[in-house]
Trainee: 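Submitted below is the structure of interest, expressed as structure tokens.
Note on naming: letters A, B, ... go to the chains in the order of the sequence lines (proteins, then strands), and numbering restarts at 1 for each one.
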Number of protein chains: 2
Amino acid sequence: MPPTLRPPAARPRRVTIRDVATAASVSTATVSYVLNDTPGQTITEATRRRVREAAVALGYSPHGVARALREGQSRIVLLAVPSMRGGRGLESFVAGMSAELRTLDHSLLVTTSEDGLPREAIQAIAPRATLRLADFLAESAWRGPVLGAFDGRLAGLEFHTLTQLRHLAERGHRDIAFALPDHPDPIADQRVAHVEGAATSLGLGPVRVLRLEMGEDAHARRAAVRELAEATPVTAVATYSDDVALGVLGAMAALRLRAPDDLAVIGFDDGEAGRVSQPALTTVRIDAGGFGRRAARVALGLDPGEWVESPSEVIVRATT
Amino acid sequence: MPPTLRPPAARPRRVTIRDVATAASVSTATVSYVLNDTPGQTITEATRRRVREAAVALGYSPHGVARALREGQSRIVLLAVPSMRGGRGLESFVAGMSAELRTLDHSLLVTTSEDGLPREAIQAIAPRATLRLADFLAESAWRGPVLGAFDGRLAGLEFHTLTQLRHLAERGHRDIAFALPDHPDPIADQRVAHVEGAATSLGLGPVRVLRLEMGEDAHARRAAVRELAEATPVTAVATYSDDVALGVLGAMAALRLRAPDDLAVIGFDDGEAGRVSQPALTTVRIDAGGFGRRAARVALGLDPGEWVESPSEVIVRATT
DNA sequence: TTGAAAGCGCTAACAT
DNA sequence: ATGTTAGCGCTTTCAA
């Protein structure tokens, strides 16, 4: 027996388009046309049936890598997130994006990368599109098409912020503060801008920005909150996250200040902790599923379509 | 000019191994050998230099998809996580795994999939290995090699649980409870088993298991915690997560019970909320970076090596 | 010491 | 209405 060119590894034999072609007594081209519903081909229904039946009989499934080589890119969209520690917002965003992509015969894969694009992964899989969450949340080419406009004006984090402040305004608060973590954050400035914009459009007074220590130094937090409560007219504080809200409430508890009477507090992104702690935290629940779906469509160059439902709502609990 | 076969899309011309070969006046085979340091080849240092210089001069980088097609699998390890809402433990795990894989010329990509393998993604990128976090945490083929043995006995969640209970034991507690969320959880049973194992090995009494309501029903939580405090000898509660701990503390606050005097509480996985809330939560900080590195090595079929440092420590704050 | 060429599985231009 | 085949970029066998 003459030596033959063996495959690189002892690769388990896989069912290819060729096997299907043989089984259906057609060419590989025909198989490809049928299985991809390639437009502009004239293939009899009988042949189509034979091909499809052969494919399922053999358990054929297309080899994504070969297809990607041929097409120049894989049917993958890569989402770069800064961290695995997400909240409800991120989770629903990813779920929505993933579901929509599946519908479009693509897959979502996530990579963590603090800054810059995940070059190695891009080299490795040639994704159809790459989307950095930070870019998407901030101003960027993505923003316009993905966010679209809800309620004729704004959407995204900006919209959720409006939801958050509107609740405070409806409760009669006019002097508010916005508390955010004191550690560096790529979208901090933007969040502050959103708050200021929302406050203006709601006719509130100027917003006091409080950068809250989020480490072990409870004294610092207490001092900051005391100052806020005693030396300013602020009656309510909106926060960057539920965690920050819990920090404010923790300081208030230590100072024997009560929410909402001494200071009302509203969180952001409805985590588990705020729900079960005492007092239970009023917060904004973000359903970013619609965003995810839109981001998916935009990533593939499709029309994102219209908004269907409101992407955020206030969960009223005990602190406002 | 005769019609030529155009590439499928107007694909931007990319630098291939061929270009490098031409520039260095060698064959593509030689380029491949040099760039991959293929063992068993006799190529003069001069040639190697020429090839490498040509590669950098042209800005060549290998096409992962083509390589994957040829080799049968891509240099990707796929990690399937149940959700994007991770804690410090997951974050460090992913970071460690990712860093180690980079070292080994691979990339980590994450996919969310509640149960089962992410088949579409696997088809699409032919990953070198696929690892479900749930399998990894639970008993499975992965467990043995990845966890190895720390301190001669156990590692992983089991080890961290021991860390958690040991702290309670050292504080003199003998009757403890373990509180976990009442919603379904793939690793709940396992966690309970760990706690019981740790309690036994520490010579503690039988562990009371408390499935805590984690929804909006604060009354249910209060009732459960009151029952625990008043009708049982339990003096301390270890929890499944910081969130559950916050739920216990919330109920205690409503009941005017104080930690640690009435009931000591220790959380798990050191989240931001526990650190800033009042009273500040004692918890277990998990550094899963080492696990991640080990998981990476095992995924590639390498020896994970020995443990270097302790993977968990107690962060003592005010509740114990 | 190096090169020629096969072939991974697929799509699509072109031929029949 | 369907088949033939080039070629995506790479690795590796075999020959020179």
Trainee: With a non-hydrogen cut-off below 4.0 angstrom, is B:V26 in contact with a base, only sugar-phosphate, or nothing?
Mentor: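 Sugar-phosphate, backbone atoms only, no base.
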Trainee: Sequence neighbours excluded, which residues qualify as side-chain hydrogen bond (donor to acceptor under 3.5 Å, both in side chains) partners of A:R48?
Mentor: none
Trainee: What is the distance from CG of A:D19 to P of C:dG9, rounded to the nearest Å?
Mentor: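 Those two atoms, CG and P, are 9 Å apart.
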Trainee: From the set C:dG3, D:dG9, C:dC10, return the single nucleotide nearest to any side-chain atom of B:T16.
Mentor: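 Looking only at heavy atoms from C-beta outward on B:T16, the closest nucleotide is D:dG9.
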Trainee: So, does A:T47 get its side chain near the phosphate of D:dT2, meaning an N or O under 4.0 Å from OP1 or OP2?
Mentor: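 Yes, because at least one side-chain N or O of A:T47 sits under 4.0 Å from OP1 or OP2 of D:dT2.
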Trainee: Rounding to an integer number of Å, can you tell me how far B:R48 CZ sits from C:dT1 P?
Mentor: 10 Å
Trainee: For residues 76-98 of chain B, which side-chain donor-acceptor pairs fall under 3.5 Å, sequence neighbours excluded?
Mentor:
| residue | atom | partner | partner atom | Å |
| --- | --- | --- | --- | --- |
| B:S83 | OG | A:E91 | OE2 | 2.9 |
| B:S83 | OG | B:R85 | N | 2.8 |
| B:R85 | NH1 | A:E91 | OE1 | 3.3 |
| B:R88 | NE | B:D270 | O | 3.1 |
| B:R88 | NE | B:D270 | OD2 | 3.3 |
| B:R88 | NH2 | B:D270 | OD2 | 3.3 |
| B:E91 | OE1 | A:R85 | NH1 | 3.4 |
| B:E91 | OE2 | A:S83 | OG | 2.9 |
| B:S92 | OG | B:R88 | O | 3.0 |
| B:S92 | OG | B:G89 | O | 2.9 |
| B:S92 | OG | B:A288 | N | 2.9 |

Trainee: Return the value, rounded to whole Å, for the distance between atom CZ of B:R18 and atom P of D:dG9.
Mentor: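 Atom CZ in B:R18 sits about 10 Å away from atom P in D:dG9.
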Trainee: Whole-Å distance between D:dC10 P and B:E71 CD?
Mentor: 12 Å
Trainee: Once side-chain hydrogen bond (donor to acceptor under 3.5 Å, both in side chains) is applied, do any residues pair with A:D185, and if so which ones, sequence neighbours excluded?
Mentor: A:Y240
Trainee: Under 4.5 Å between any side-chain heavy atoms of A:L157 and A:I187, yes or no?
Mentor: yes
Trainee: Among residues at least two apart in sequence or on other chains, which ones pass salt bridge (Lys or Arg N to Asp or Glu O under 4.0 Å) with B:R191?
Mentor: none
Trainee: Name every donor-acceptor pair, under 3.5 Å, that has one atom in a side chain of residues 52-62 of chain B and the other anywhere in the protein, sequence neighbours excluded.
Mentor:
| residue | atom | partner | partner atom | Å |
| --- | --- | --- | --- | --- |
| B:E53 | OE2 | B:R49 | NE | 3.2 |
| B:S61 | OG | A:Q123 | OE1 | 3.3 |
| B:S61 | OG | A:Q123 | NE2 | 3.0 |

Trainee: Send over the distance from B:L69 CG to C:dT11 P, rounded to a whole Å.
Mentor: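 Rounding to the nearest Å, CG of B:L69 and P of C:dT11 are 12 Å apart.
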Trainee: Pick the closest DNA chain C nucleotide for B:T28 and for B:A66 by heavy atoms, then say which residue is nearer the 5' end.
Mentor: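 First, find each residue's nearest nucleotide; the 5'-ward one identifies B:T28.
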Trainee: Applying side-chain hydrogen bond (donor to acceptor under 3.5 Å, both in side chains), name anything that partners A:T47, two or more places apart in sequence or on another chain.
Mentor: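 side-chain hydrogen bond (donor to acceptor under 3.5 Å, both in side chains) check on A:T47 returns A:T44.
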Trainee: Reckon A:S27 has a side-chain N or O less than 4.0 Å from the OP1 or OP2 of D:dT4?
Mentor: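 Checking A:S27 against D:dT4: no side-chain N or O falls below 4.0 Å of OP1 or OP2.
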Trainee: Can you measure A:I17 atom CD1 to C:dA12 atom P for me and round it to whole angstrom units?
Mentor: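 Interatomic distance, CD1 of A:I17 to P of C:dA12: 11 Å.
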Trainee: In whole angstroms, how far is the C1' atom of D:dT2 from the CD atom of A:E45?
Mentor: 15 Å
Trainee: According to a strict under-4.0 Å criterion, is A:T44 in side-chain N/O contact with OP1 or OP2 of D:dT2?
Mentor: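 A:T44 to D:dT2 OP1/OP2: side-chain N or O found under 4.0 Å.
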Trainee: Where do B:R75 and B:R128 land on the side chain to side chain contact (heavy atoms under 4.5 Å, CB included) test, with the steps shown first?
Mentor: CA-CA 6 Å; B:R75 302 197 180 180; B:R128 170 83 181 267; over 6 Å; no
Trainee: Could you identify which residues of residues 31-43 of chain B place a heavy atom less than 4.0 Å from some atom of DNA chain D, listed by residue number, or say none?
Mentor: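 Output list: B:S32, B:Y33, B:N36.
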Trainee: Would you mind reading off the distance between B:H63 atom NE2 and D:dT11 atom C1', rounded to a whole angstrom?
Mentor: 15 Å
Trainee: Phosphate oxygens OP1/OP2 of D:dG7: is one of them under 4.0 Å from a side-chain N or O of A:R70?
Mentor: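 The answer is no; no side-chain N or O of A:R70 sits under 4.0 Å from OP1 or OP2.
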Trainee: Whether the side chain of A:S113 engages the backbone of A:G116 through a donor-acceptor N/O pair (distance < 3.5 Å, no angle test) should be reported.
Mentor: yes
Trainee: Would you work out how much the helix from C:dT1-D:dA16 to C:dT16-D:dA1 bends between its ends, with each end axis defined by five base pairs, to 10 degrees?
Mentor: 50°
Trainee: Got a sec, which residues hit side-chain hydrogen bond (donor to acceptor under 3.5 Å, both in side chains) with A:D303, two or more places apart in sequence or on another chain?
Mentor: none
